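Report on the following structure.
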Amino acid sequence: MVKRQAEPAAPAPSNGRARLELEFDRPALLGSLFGQFDQNLITIENRLGVYIAARGNRVAVEGDSQAIARARDVLTELYARLERGMSVDSADVEAAIVLAAEAPADGVALEGGSGGPPPMIRTRRKTIMARNAAQAQYIQALSKNDMIFALGPAGTGKTYLAVAQAVSQLVAGSVDRLILSRPAVEAGERLGFLPGDMKEKVDPYLRPLYDALYDMLPSEQVERRIASGEIEIAPIAFMRGRTLAHAFVILDEAQNTTPMQMKMFLTRFGEGSRMVICGDPNQVDLPDAGKSGLADAVGRLEGIKGLAVQRFSSKDVVRHPIVGQIVDAYEGPNG
């Protein structure tokens, strides 16, 4: 834990700067906290506009009082992550900075940090924590609602977090099956022109779902559960005529469904099931982009009890920071 937080010096009237000192009681964790060659501290300095000096198990932060409050929250959150036995990498640092920026600024005088860890999902292989406010809301929605629409650009964690929640519930026994589906439609390509049998044609479209699964479960468990039917990965066309009871069902790239396909999929919903529909309304690859089943469904269904809609934007992208800027460039006035 953070053992002591020194009282901040009063801001100088001329420049509004203040100083805060933190003391950490487990020096062995500080190498991971600071990063190789203090890279984590340098990132925090550059992103928040503060100056950080570390000496022993003490860290002094100087700068604008609001920026110091953000830096304090970032450092205490990352340290708490290490105390829980988790790792800290550059993406975790960026995520903590984003979370601190989205939290209400409380000044440097407030004791304690951000008020506890952000929402998280535990799976066999890793614990996935919310990396921004939108992800925190999404994780909460995944745990509470029967049907969730997750809308936003690539890189925001829509599908990844849904798969994590699905695996968590499958392992816990609250659902019997995990069903992952995608429309076999991609930009400028048609299945008939691809080599191989139907499985070989379809598997490349479903690869992101496989990748997420292998992140959550040991590979032998993934293979065993797929072989037993506990985990099923299939194109949306394979859902027709079924009732999906006691299952966690995820539809990815839902913007590439037609309204009729979406209606068919949603009406598969059965007793004891949970359904997550993920997609980016701005990346429709259908011949008629105006006939996307995702936009049609959200327009018809938003507001129904037990159904949640979580919207992400470019600022919620958790890949390299430049990805969010790329999304903005393509979706802006000249996109």
Side-chain angles (χ1 to χ4, degrees), residues 121 134 137-154 156-170 174-186 191 202 205-206 208-209 212-213 229-312:
I121 302 171
Q137 293 167 3
Y138 184 40
I139 290 175
Q140 291 169 347
L142 287 169
S143 67
K144 295 177 182 177
N145 295 277
D146 296 326
M147 184 177 290
I148 303 98
F149 284 85
L151 314 177
T156 50
K158 305 183 301 296
T159 305
Y160 191 80
L161 291 173
V163 172
Q165 180 69 20
V167 167
S168 178
Q169 291 195 215
L170 180 65
S174 56
V175 295
D176 297 332
R177 293 180 295 162
L178 168 52
I179 299 173
L180 309 175
S181 185
R182 264 186 150 199
V185 176
E186 294 294 341
L191 286 176
V202 165
Y205 294 92
L206 305 174
L209 300 177
L213 277 175
E230 284 182 89
I231 297 177
E232 179 181 350
I233 305 177
I236 190 173
F238 287 36
M239 300 297 108
R240 189 174 297 278
R242 305 175 60 182
T243 299
L244 307 175
H246 305 290
F248 199 113
V249 189
I250 300 172
L251 176 61
D252 193 26
E253 299 291 340
Q255 75 275 6
N256 289 328
T257 61
T258 66
M260 288 304 296
Q261 284 177 317
M262 180 63 77
K263 179 183 177 183
M264 178 275 292
F265 182 81
L266 295 177
T267 53
R268 302 307 93 198
F269 192 76
E271 181 182 356
S273 288
R274 184 158 293 172
M275 188 173 278
V276 184
I277 301 94
C278 307
D280 182 357
N282 294 320
Q283 292 292 323
V284 180
D285 296 316
L286 297 170
D288 185 351
K291 295 288 181 68
S292 170
L294 178 62
D296 179 72
V298 172
R300 293 174 183 270
L301 303 178
E302 188 168 9
I304 290 178
K305 186 177 180 180
L307 184 151
V309 178
Q310 177 63 50
R311 291 179 170 86
F312 295 89

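These numbers were taken from a predicted model, which means no experiment stands behind them.
Proximity of L251 to V249: side-chain heavy atoms (C-beta onward) are nowhere separated by under 4.5 Å. Within the 4.5 Å cutoff, side-chain heavy atoms of E230 are placed close to those of L170. A 4.5 Å side-chain heavy-atom check between V298 and I277 finds every atom pair outside the cut-off. In this structure the side chain of I250 reaches within 4.5 angstrom of the side chain of F248, judged on heavy atoms. I148 has its side chain within reach of L142: a pair of non-hydrogen atoms, C-beta onward, lies under 4.5 Å apart. Side-chain contact between R274 and M147 is absent, with no heavy-atom pair separated by less than 4.5 Å. Using a 4.5 Å heavy-atom cutoff, the side chains of L151 and L294 are in contact. Side-chain contact between L180 and L213: present, with at least one pair of heavy atoms (C-beta onward) separated by less than 4.5 Å.
Between L286 and K291 the shortest heavy-atom distance is CD1-O, 3.7 Å. Closest heavy-atom contact between S292 and Q255: OG-O, 2.8 Å. Counting all heavy atoms, side chain and backbone alike, G152 lies closest to D280 at O-CB, 3.2 Å. For the residue pair A247 and I179, the shortest heavy atom distance occurs at CB-CD1, 4.2 Å. Among all heavy-atom pairs drawn from T159 and C278, the shortest one is OG1-CB, 3.8 Å. Taking all atoms of both residues into account, the shortest heavy-atom contact from G272 to V175 is O-CG1, 4.3 Å.
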Output side-chain donor-acceptor pairs under 3.5 Å for residues 260-268, partner residues at least two apart or in another chain, one line each.
residue: Q261; atom: OE1; partner: T258; partner atom: N; Å: 2.9
residue: T267; atom: OG1; partner: K263; partner atom: O; Å: 2.8
residue: T267; atom: OG1; partner: M264; partner atom: O; Å: 3.0
residue: R268; atom: NE; partner: M264; partner atom: O; Å: 2.7
residue: R268; atom: NH1; partner: R242; partner atom: O; Å: 3.0

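In this structure a side-chain-to-backbone donor-acceptor pair under 3.5 Å is missing from Y160 to A212. In this structure, S181 contributes its side chain and I236 its backbone to a donor-acceptor pair below 3.5 Å. A donor-acceptor pair is defined here as one N or O able to donate and one able to accept, closer than 3.5 Å; no such pair exists between the side chain of D146 and the backbone of G306. Here the side chain of S273 pairs a donor or acceptor atom with the backbone of H246 at under 3.5 angstrom.
Of the inter-residue distances, the one linking M275 atom CE with F269 atom CZ reads 6.0 Å to the nearest 0.5 angstrom. Here Y138 contributes atom OH and Q165 contributes atom CD; the two are 9.5 Å apart, rounded to the nearest 0.5 Å. Annotation: the span from I139 atom CD1 to K144 atom NZ amounts to 12.0 Å, rounded to 0.5 Å. Within the model, atoms CG of L178 and CD of Q169 stand 10.0 Å from one another, a figure rounded to the nearest 0.5 Å.
A salt bridge between R182 and E253 is present, with a side-chain N of the basic residue lying under 4.0 Å from a carboxylate O of the acidic one.
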